[in-house]
Amino acid sequence: MNYWLVKSEPDVYGWHHFIEQGRAVWDGVRNYQARNNLKAMQLDDHVLFYHSVTNIGVVGLAKVAREAYPDPTVPDDLRWVVVELEPVMPLEKIVSLAQIKAEPLLANLSLIRQSRLSVMPVRPDEFELILKMGQSTSAM
DNA sequence: GCCAACGTTGGC
DNA sequence: GCCAACGTTGGC
């Protein structure tokens, strides 16, 4: 089991769109490093869903519903792939970027170190901590 | 709206 | 192969 974080602009494709559709084809990735991360995803891997730009933070938990296959939106360009994701549950409260930055245990997150990467691996301990921070009962 | 960081492109 | 110019992302 591997853990990941994907970014989306909520005005373009937010958590509520994801819930309404029940499944998302994660297309549009045009960065080699992010693509390599998509290719490394395995069925049922857990994925943190992050809102960039506005209402910034981790908002929910998803899982990999289909592993990487060629991006159908660019059939002539075999460099790019998509995965399919399904929602698992929303976090009880958003874990904001400010909270993440304030947490020393998360200082090595790719999110912090490589702010423009849109698909990135997350360590199991980091993943668990972010989920815990998203529980309303946690004392933050 | 601005700007820093970063990736890509193209001239040499 | 280097590097300047340019476009995009994303935080503030």
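All heavy atoms count here, side chains included; hydrogens, waters and symmetry mates do not. All chains are named by letter (A, B, ...) in the order of the sequence lines, taking the proteins before the strands, and each is independently numbered beginning at 1.
Contacts with DNA chain C (heavy atom under 4.0 Å) in residues 45-54 of chain A: Y50(A), S52(A), V53(A), listed by number.
The distance from the CG atom of L131(A) to the CG atom of L48(A) is 6.0 Å, given to the nearest 0.5 Å.
In this structure a side-chain-to-backbone donor-acceptor pair under 3.5 Å is present from D45(A) to N2(A). At least one donor-acceptor pair under 3.5 Å links the side chain of K7(A) to the backbone N or O of L117(A). Of the possible donor and acceptor atoms, one in the side chain of E92(A) sits under 3.5 Å from a partner among the backbone N and O of S136(A).
Both tests do not hold together for R123(A) against F127(A): distance to the six-membered ring centre under 6.0 Å, angle to the ring axis within 45°.
Protein chain A contacts DNA chain B from dA5(B) to dT8(B), reading 5' to 3' and using non-hydrogen atoms of the protein with a distance under 4.0 Å.
F18(A) pairs with exactly one of S8(A), P90(A), P87(A) by the side chain to side chain contact (heavy atoms under 4.5 Å, CB included) rule, that one being P87(A).
Screening residues 22-36 of chain A for side chain to side chain donor-acceptor pair (under 3.5 Å), with sequence neighbours left out, gives R23(A)-E84(A), R23(A)-E86(A), R30(A)-D71(A), Y32(A)-R79(A), Q33(A)-Q114(A).
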